[in-house]
Structure formats: structure tokens, C-alpha cells
2 protein chains.
Amino acid sequence: MGFDFGTMMETVNRLSTSDHTSVVSITVFVTLVCTCIVLGHLLEENRWMNESITALIIGVGTGVLILLVSGGKSSHLFVFSEDLFFIYLLPPIIFNAGFQVKKKQFFRNFMTIMLFGAVGTMISFTIISLGAIAFFQKLGVGLAIGDYLAIGAIFAATDSVCTFQVLNQDETPLLYSLVFGEGVVNDATSVVLFNAVQNFDLSHINTTVALQLIGNFIYLFISSLALGVLTGLLSAYIIKKLYFGRHSTDREVAIMMLMAYLSYMMAELFYLSGILTVFFCGIVMSHYTWYNVTENSRVTTKHTFASLSFVAETFIFLYVGMDALDIEKWRVVSDSPKTSISVSATLLGLILVGRAAFVLPLSFLSNLTKKHQHEKIDFKQQITIWWAGLMRGAVSMALAYNQFTRDGHTQLRGNAILITSTITVVLFSTVVFGLATKPLVRLLMPSSKQLDRMISSEPVTPRSFTVPLLGESQDSDADLFAETEHDPESREYDNILRPSSLRMLLTKPTRTVHYYWRKFDNTFMRPVFGGRGFVPYIPPSPTSPFEQNGHHHWQEEEKRGEDKH
Amino acid sequence: MGFDFGTMMETVNRLSTSDHTSVVSITVFVTLVCTCIVLGHLLEENRWMNESITALIIGVGTGVLILLVSGGKSSHLFVFSEDLFFIYLLPPIIFNAGFQVKKKQFFRNFMTIMLFGAVGTMISFTIISLGAIAFFQKLGVGLAIGDYLAIGAIFAATDSVCTFQVLNQDETPLLYSLVFGEGVVNDATSVVLFNAVQNFDLSHINTTVALQLIGNFIYLFISSLALGVLTGLLSAYIIKKLYFGRHSTDREVAIMMLMAYLSYMMAELFYLSGILTVFFCGIVMSHYTWYNVTENSRVTTKHTFASLSFVAETFIFLYVGMDALDIEKWRVVSDSPKTSISVSATLLGLILVGRAAFVLPLSFLSNLTKKHQHEKIDFKQQITIWWAGLMRGAVSMALAYNQFTRDGHTQLRGNAILITSTITVVLFSTVVFGLATKPLVRLLMPSSKQLDRMISSEPVTPRSFTVPLLGESQDSDADLFAETEHDPESREYDNILRPSSLRMLLTKPTRTVHYYWRKFDNTFMRPVFGGRGFVPYIPPSPTSPFEQNGHHHWQEEEKRGEDKH
């Protein structure tokens with residue numbers, strides 16, 4: 001019996017596990033992410049540390065370990081993959097930001113955010129590009145003009161992922177919405193810049209070219225926004241019409257997750273800004289879709305999106321830390337450490353100057369349009385905005401790898417120096433600027449809001465423990481209506497906002513827009529797409545009895561909504 | 001100014017999007033998954049269809065479309081990747097099964113499940129292997145002996161993913177726990193079989209080899225189980241000690257997800273059965289960890305795990321349908337369609353016979369140990385168990401690809417025939433056997449439970465709409481305690497189970513084990529690892545007032561638990 005055991009053993013070997021190295025990598029990586037989460041929890045009370053810095057440090061530490069174990073061969077577990085980053089890790093982070101953003105705060109500052117994100121990024125891009133051209137040739141790093149422009153585009157954009165880590169939406173809502181909003185909008189600017197570099201001869205700028213650039217930006221911005229809004233509305237409509245929850249909460253949760261992801265991928269498909277699209281999809285979903293699903297689905301989606309985003313962030317920082325030590329990149333520049341340090345220092349300087357050059361003038365411009373003193377961005381806030389947007393993170397790193405390497409490392413000296421400099425800038429800005437941001441915010445804005453936050457971060461109170469959903473629907477409600485009840489400032493203007501004259505629009509544009517939007521929303525949008533008021537709303541008053549028949553209540557609410565128009 | 005625009009445009013092209021084909025694939029795929037979910041919802045009421053068949057049909061339809069669009073070049077969007085399947089899609093499905101399984105039902109039938117999963121799979125393996133050796137050579141398909149044994153191993157194992165689709169845990173709890181439990185246990189058997197084929201000369205089986213095989217199985221089973229249990233307990237301990245929820249629900253959810261995944265990856269790392277490990281990790285997590293987290297985290301984890309599992313299942317069936325039409329595979333066998341059909345028919349016949357050959361005798365054996373008539377598996381149930389375990393799905397397909405191809409297709413005629421036959425068997429068994437299972441279950445077991453189920457699947461009742469958490473913690477509670485209140489049968493034996501004599505162990509082994517397990521659990525395990533009784537428990541009685549101070553209640557419960565010992 002001549003059994004062919006040789007072939008069999010071979011196939012069995014393959015069968016037992018497909019690729020054992022990837023299993024090892026994933027196991028180590030998941031263990032590290034768990035460690036980061038536990039350590040991040042233990043360091044929660046620390047006033048300096050934050051999760052991203054913990055992850056970075058653990059990443060660097062593991063990198064050193066792998067370097068020692070592998071005998072100096074490599075320091076990371078995976079090769080840095082843009083696909084992994086842009087297709088899997090970035091979308092949940094940005095979607096969650098849109099889903100949880102305080103919408104009123106965001107839209108109230110919409111013009112300022114656009115100013116920072118579009119004009120500001122252009123200014124920063126110009127300064128960093130010109131600065132790089134001026135300094136780098138003196139340092140003996142010769143690059144093509146395309147590389148200089150790419151440096152400008154890479155380092156002009158604020159990393160929106162880093163913003164979460166240092167600014168707290170509840171403590172400093174204005175700063176958060178400005179800096180984070182800028183981070184979202186400047187993604188569109190970056191796409192436009194790259195297209196511009198591709199299609200126009202930027203050495204001969206004239207009015208036509210400038211107008212085309214502006215037109216491009218407007219097209220890209222509007223179509224990305226429209227795609228996000230449409231996907232969000234489609235999800236709201238499908239869920240409202242089919243009422244998935246009747247059969248399965250899991251289907252609702254699955255369809256919300258998948259449609260959100262779909263909006264990002266469609267934007268990428270049409271060469272739009274996926275970040276902008278998925279951000280606005282998140283806003284629309286939190287305004288309509290979220291109210292159409294069952295209570296269980298609401299709790300689930302809210303926390304699932306946040307958890308996924310949290311894991312993705314930790315993953316990114318851990319990876320960046322681990323990748324930083326990759327020996328291949330440093331070997332090429334090891335003969336000229338001075339040049340490398342100078343290039344890094346120059347880049348950091350240019351980032352500092354480039355950001356200051358637009359934050360201060362644009363804040364001044366923005367202040368001109370505001371009447372009330374409390375609406376203006378004061379100098380302390382301007383400093384904080386400048387500082388909080390200095391960090392460069394995984395987005396910069398991914399773009400730098402894309403521009404200056406193939407397969408993760410390069411043999412060209414100029415490119416190698418730029419890669420190591422990018423790593424230095426990312427590590428330095430995240431750790432040093434990041435560490436200093438929390439204390440700076442505490443120093444410059446000792447507001448009452450911060451005190452409120454400190455009280456509310458106490459251990460879970462009995463009430464929120466037993467009736468989490470009641471509390472939930474209030475907390476999570478970053479809705480235009482809900483905030484009216486929370487924000488003492490806005491209650492006053494709820495009363496003012498009754499007349500609907502043209503004079504209003506001229507004197508108080510934001511408020512009037514808000515008023516008409518609410519009217520439009522209640523009359524046309526909510527009856528079709530659902531949303532708050534078409535689902536059982538339990539008033540937060542502690543004296544009201546617990547509504548038992550939510551289903552009937554829901555129908556009454558719908559009727560009431562129909563009576564209005 | 002000699003700007004190097006050529007290089008720049010090239011780099012810009014690369015920057016704009018990393019790999020556009022993968023973006024297109026993902027977009028189409030996500031859209032299809034959404035379509036499947038919506039259609040699955042619309043077909044919910046249909047007594048024949050289920051989600052997996054919908055996904056398969058849509059997959060085949062899309063395959064035809066892609067085939068037409070690409071001019072007959074390919075029918076799928078991705079190349080079938082075992083990594084994708086075994087590393088990313090399978091773990092959430094099996095973990096969720098462990099997390100949601102009715103634990104009492106599962107452990108009560110533990111011996112029968114082990115009998116089916118271990119001995120039954122061996123019987124089926126022997127019959128299919130011997131049958132293949134006998135018939136295939138007559139059909140002119142010459143294979144190595146290793147390939148025949150591999151065929152036995154591939155087709156002997158029930159696909160645990162398919163089981164969810166046709167058997168309902170609430171309608172037919174006994175059948176579900178038997179067939180699904182068998183599917184989990186036979187994964188360990190498969191690993192042992194492959195190792196055995198690798199290390200022993202199976203042509204000369206003697207007592208030593210048989211004992212070694214049994215020893216191997218016991219080692220693998222116990223170590224996989226221990227790894228899963230330990231990871232689960234570790235997660236419970238970490239969350240109880242650190243009390244993540246005080247700071248962030250997201251951290252709790254993230255750590256539960258990551259530790260569950262970690263258990264699977266560690267099992268793969270140590271060449272154990274990942275399926276067994278992650279299944280028991282799910283059981284332990286639902287018994288301890290789930291009770292240590294906040295109410296929000298409970299709702300979130302329960303539905304997130306279910307949704308992820310649901311999406312992964314849909315993904316798998318969609319993919320299998322799409323891949324089935326891949327033209328490369330069919331081209332090689334197109335000259336001998338008769339042989340291909342004969343091979344497929346032979347395989348289907350062997351599966352039918354192989355399964356009947358162990359279900360009937362082993363059920364008889366299992367019945368011998370049971371005293372009461374209602375505990376025994378009657379003939380109708382045996383038929384259903386036989387029928388419901390006939391489906392072969394993505395696991396079979398992944399193993400067949402692994403064994404008979406490299407890079408997704410093969411030029412060897414024998415291998416090509418086996419691949420196409422596997423696809424035929426998978427499609428036929430899933431569609432035909434799958435379609436017939438629901439009606440068969442209805443025909444053979446018109447039990448009262450099924451009627452209950454039909455009533456409870458009515459649109460959400462008011463109570464469950466407004467107080468979902470109260471309802472939730474009851475429903476989801478696949479816990480030993482909770483079911484005592486639901487199951488009228490078990491209430492009676494709660495009263496019987498007071499004396500603790502040795503006679504008990506001999507006459508009613510399962511019940512006695514259960515009694516001592518509960519004692520051990522309450523005295524030693526729960527004080528350390530948390531779990532029910534160490535978190536606020538709200539009694540299901542409708543007359544009791546809604547507990548307002550859950551935090552105090554929780555502490556009382558803990559005290560009470562401490563008083564007991």
C-alpha cells in the first residue's frame with residue numbers, strides 16, 4: 001500500500017494553520033491594545049497623560065523589545081499599510097466624531113470652522129512649502145518641487161484623530177468644535193490641494209487658476225457633504241419604513257454600521273473626501289436614524305461606535321510608536337544625524353509658524369462678524385486653538401510613507417531623511433505638545449464648565465445606574481432641541497427667536513438660520529425621515545411617572561407632529 | 001524653473017487613493033450585505049426562506065453579473081482567503097453562539113453532545129473516507145490516500161454556522177443545543193484527525209494508536225476549554241477589580257471584545273481548537289463578565305456581538321454564492337460533466353449515510369442513560385438531528401480550497417473536480433436541505449414552545465418597549481439561575497434538589513452536578529469573578545416597584561452573598 005504520506009503531511013501542515021506569523025502578530029497586537037486600555041484606565045486621573053501617549057510609549061517599548069528579540073532586524077509586527085489605515089481604522093473614528101458631535105455648537109461656528117479649515121490650511125500649506133524650499137536646500141537636502149508641495153500638504157493639515165485625545169467636548173465645547181471641525185474640513189482642502197498640484201501649474205498663479213481652485217473646493221465640499229447627508233437620510237428612511245426593530249435589533253445595528261461605512265467607501269469611490277462624507281453621515285444619523293430604532297439599538301449603536309473608534313485610535317497610536325523604531329529607516333540617515341535633526345526642527349518650526357499665521361488673523365476676522373463679546377474668540381482661546389492643532393499623527397505618517405517610500409522604507413537619502421523627520425515630528429508633537437495641552441487648557445480657561453465636568457465624572461450615581469436609558473437619551477442628545485434644555489445661554493434665545501422678519505436674518509444670521517431650519521425640519525424632514533418627536537420622548541422631570549405604554553405614546557407624538565402643520 | 005512635474009503627478013496619483021480596485025470591491029460588497037439584510041427582513045415571514053439562502057442567491061446573482069461585465073473573466077470580488085474566514089469572520093460567530101447559548105440546556109446534554117461531536121464525527125469520517133476510496137476510483141478520479149482522508153475530515157464535520165440559520169434556540173432548544181454543540185465539539189475532533197493523519201500510520205491501527213488518538217483528543221479538548229475559561233475569567237476579574245464602567249462604558253465594551261478575540265487567537269497560536277476556546281470564553285463571559293459591567297455595556301455587548309455575528313454570517317454566504325461561479329474552476333471540469341456530477345452525488349450520499357450511521361446508534365446509547373421518557377431523544381427528534389446537521393458550508397469550502405488548491409484554482413483534473421464538487425455539495429445542501437429544515441421541524445415537532453414563540457415574535461409590546469433593560473436582563477439571561485424561573489420543568493426540580501447525598505449523584509448525575517456547581521459557584525467563584533447576585537437584580541414580578549437606588553441594592557446583594565458562606 002504505497003500511501004503518499006509526504007504530500008499529505010505537507011497539506012496537513014498548511015491546514016493546521018494558514019499563516020502562523022500573522023497569528024502571532026495579531027495575538028501580540030491585541031494583547032498590547034488590551035494593556036493600553038487597562039493602563040489608560042489606571043492613568044485616567046493623571047493630569048498629564050492621555051491614552052494616545054500611553055499607546056505611543058507602549059508601542060515604542062514593544063518596538064525596542066522586538067528589535068532586541070529579532071536581533072536588530074525589525075521593530076514592528078505589520079508593515080505599515082495605508083489600506084489598513086484609510087479603509088479600516090479612520091472611518092470609525094471620524095464617523096463616531098460626527099455621531100457624537102454637539103451639533104448646535106458645530107453649526108453655530110460653521111463659518112469660522114470653514115475659514116480655518118479652507119483658508120487657514122491654504123495659508124499653512126503655502127508657508128510650510130515655501131519654508132521647506134528656502135531651508136532644506138541650505139541643509140543639503142535636495143528634493144523635487146513636487147516633494148516640497150507634498151511636505152506642505154502633509155504638514156498643513158491638523159490631525160483630527162489627535163484632537164480627541166487632548167480636547168474634551170464637554171469641558172471646552174467651543175475649542176473642540178473649532179479645532180476638530182477644522183480637522184474634518186481640511187481633509188477636503190488637502191484633496192483639492194493634491195488635485196491642484198496635479199492639474200495646474202502652480203508656479204504661474206493667476207485669477208483663473210485661483211477661481212478654478214476655489215470652484216474645485218466648493219464642488220468637492222458640497223458633493224462630499226451631499227453624499228454623506230443622502231446616505232444618512234436613506235438609512236433613516238429604510239429603518240423608519242421597514243421598522244427593523246420589530247424583528248431584530250441586530251439588523252438595525254448592522255444596517256446602521258454598514259450604511260455609515262458605505263458612505264465613506266462611496267466617497268472614496270468617487271474621489272471625494274471620505275472624511276467629510278462620513279462625518280456628515282454621522283451627524284444625519286444621530287439626528288434622524290438614531291431616533292427611529294429601538295431603545296436597545298440606541299444604546300448599542302452609541303456605545304459600539306464609540307468603542308470601535310476608541311479601539312481604532314489606540315491601535316493607530318500603538319502602531320505609530322512601534323513603527324517609529326524601524327531600523328531600516330534610521331540606517332540610511334545614521335551617517336548624517338545633524339541633517340536629520342535640523343530637518344525635523346525646521347519642520348516643527350514651520351508648523352508652529354504656519355499655524356500661528358492663520359489662527360490669529362482668521363480669529364480676528366471671525367470676531368468682526370460677531371456682535372456680542374461672549375461670542376468672540378478671545379486671545380487665550382486663540383492661543384489654545386493654535387496649540388491644540390499643532391499635533392501631527394498617523395494621517396501625516398501615512399501620507400509621508402505614501403509620498404516618500406515604497407514598501408515601507410527607502411534607499412534614497414533625501415526621502416529617508418524626510419521619513420525619519422516625519423516620525424520625529426509626529427512623536428515629538430504628539431508627546432510634547434500633547435502632554436502640554438491639558439495643563440494649558442486648565443491654565444488658560446478655568447471655566448465653570450470644567451468644574452461641572454469634574455463633578456459629573458464622579459462614580460456612577462444611583463439614578464443613572466438604574467435608569468440609564470432615561471439619562472442616556474438626554475446625554476447623547478447632541479440634538480438641536482435637546483441642547484436647548486441644557487444650555488442656559490440658549491434658553492434665552494429660544495424666547496427671542498419668535499419673529500420671522502428679514503431684519504432678523506441680517507442682524508442675527510446664525511440664529512435665524514437655526515430657527516428656519518427647525519421649522520423646515522419639523523414640517524418636512526421629520527415626518528419622512530423620523531427623528532426626535534416621532535419616538536417616545538420621556539421628559540426629564542423627576543416628578544413625572546414612568547411612562548408604561550411607550551408604543552401608544554409614540555403614536556400620539558406622531559399625531560401631534562401632524563397636527564402642527 | 002525646471003519643476004519636475006512628471007514625478008509629482010505620479011506621486012499624486014498614488015496619493016489620491018491607495019488602491020481603487022479594493023475600494024470598488026468593498027463598496028459593492030457592503031452594498032450587497034445591506035441588500036441581503038433588507039431582503040432578509042422582508043422575507044422574515046416566509047416559512048421556507050432564511051437569511052443564508054437569500055445571501056447565497058444574491059451572491060450567485062451578483063456572480064453572474066460580474067461574469068457578464070468582466071466578459072467571463074471572473075465572478076468574484078475578492079480571492080477566497082482562509083485568513084479572512086478563519087481569522088476575522090468565524091471568531092465573532094462562534095463567540096456569539098457561546099455568549100447567547102442557553103447554558104443549562106447545553107450542560108444538561110453535555111455527554112450526548114460529546115458523544116455526537118467526538119465519536120459521531122469519527123464514525124462519519126471513517127464512512128466518508130472509505131466510501132470515497134471505494135467509489136472515486138470507479139469514477140476515474142485518482143487521488144492520493146491523504147486526499148481521501150482529507151475528504152473524510154472535510155465532509156464529516158457539521159457546519160456550525162449553518163445551524164443557526166435553520167434551528168431556532170427558542171423553538172427547539174434541545175435540537176439546537178445538540179446539533180450546534182456537536183458542531184463546536186467536532187472542530188476539536190477535526191484538529192485531532194488532521195494531527196493523527198500527520199503523525200500516525202492510519203493503515204495499521206492498533207490499540208496503542210487508538211489510545212494515543214483518544215489521549216490527543218482529550219488533551220486538545222481540555223486545553224482549549226481551559227484556555228477559553230481562563231481568558232473569560234481574566235476578563236471578569238479585570239473588569240470587576242478595575243470597574244471600568246466608572247470611567248467609560250466604551251472601555252468595558254472594547255476590553256470584552258478584544259479579550260474574546262484574544263482567546264481565539266491564542267488558541268490558534270498554541271495549535272488548539274480556536275472554535276472550542278472562543279465558545280467557552282463566550283459562555284464564561286456571559287456568566288461572569290457580563291454581570292460586572294454597567295447596564296449600558298450589557299445592552300451594547302449583547303447586541304454588538306449578535307450584530308457582528310450576523311454580518312459575518314451574511315458576508316460568508318454572500319461570498320460563497322459569489323465564488324461558486326468562478327469560471328476558472330469549471331473550465332477544467334467542463335469536458336467531463338458526468339464525472340463531476342457523479343462525484344458530487346457520491347459525496348452527498350456519503351454525507352447522508354455517514355450522518356445516519358452515528359445519529360441513530362448514538363441516540364440509542366444516549367437514551368439508555370436517561371430514566372425519564374421526556375428526557376429521551378425520540379425517533380422524530382433523531383430524524384431532525386440527522387437532517388439539520390447535513391448542511392455543509394463555508395468551513396467545508398475553506399478546508400477544500402486549502403487542501404486542493406493554491407491561489408484559489410487548480411489545473412490538476414482530480415483536484416478541480418473535487419473543488420467543483422465541494423461547491424456543488426455546499427450549494428445543494430445549504431439550499432435544498434436548508435429550505436426543507438424549517439418545514440420538517442414544523443412537521444415533526446408541533447410543540448407548544450413553537451406556539452409560544454409565534455406569540456412572542458409579535459411587534460414589540462409596550463412593556464418591553466419602555467423598560468427594555470428589565471426585559472433584557474431576563475431574556476438574555478442564559479444563566480443557570482434565570483432559566484429556573486422561565487422553564488416550568490426546572491422549577492419542579494429546584495425543589496427536589498435539596499438533599500446532597502451520594503445516592504443523588506448515582507441516580508440523577510446531571511442534576512447533582514448542577515447542584516454542586518451552583519454551590520461552588522456561589523461560594524468561591526462569584527465572590528472573586530462577580531456575576532449575577534453581585535450586581536443589582538430586579539425581580540421580574542410586575543407588582544414590585546421600580547428600584548431606584550440600584551447602587552445600594554448592589555451592595556446589599558454583595559453582603560447577602562458574603563453572609564451565605
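Since this is a predicted model, take the numbers as computed values, not measurements. Below, chains carry the letters A, B, ... as their sequence lines are ordered, and counting in each starts from 1.
In this structure, CG in Leu258(A) is found 11.5 Å from CG in Leu32(B), a value given to the nearest 0.5 Å. Put simply, OG on Ser22(A) and CD1 on Ile87(B) are 4.0 Å apart, with the number rounded to the nearest 0.5 Å. Note that CD1 of Ile26(A) and OH of Tyr88(B) are 3.5 Å apart. Values are rounded to the nearest 0.5 Å. To the nearest 0.5 Å, atom SG of residue Cys36(B) and atom CZ of residue Arg251(A) are 11.0 Å apart. Summarising the geometry, atom CG belonging to Leu242(A) is positioned 5.5 Å from atom CG belonging to Leu42(B); distances are rounded to the nearest 0.5 Å. To the nearest 0.5 angstrom, Thr300(B) atom OG1 is 9.0 Å from Asn296(A) atom CG.
Contact tally against chain A (heavy-atom pairs below 4.5 Å) for Val311(B), Leu262(B), Leu308(B), Val33(B): the top residue is Leu262(B). Each of Thr27(A), Ile255(A), Thr301(A) has some count of heavy-atom pairs under 4.5 Å with chain B, and the biggest count is that of Thr27(A). Heavy-atom pairs under 4.5 Å with chain B were tallied for Thr304(A), Val253(A), Leu269(A); the largest tally goes to Leu269(A).
By the side chain to side chain donor-acceptor pair (under 3.5 Å) test, Ser235(A) is found to be paired with Thr289(A), residues two or more places apart in sequence or in another chain being considered. Under the side-chain contact (heavy atoms from CB on, under 4.5 Å) criterion, Leu234(B) pairs with Ile238(B), Met259(B), sequence neighbours left out.
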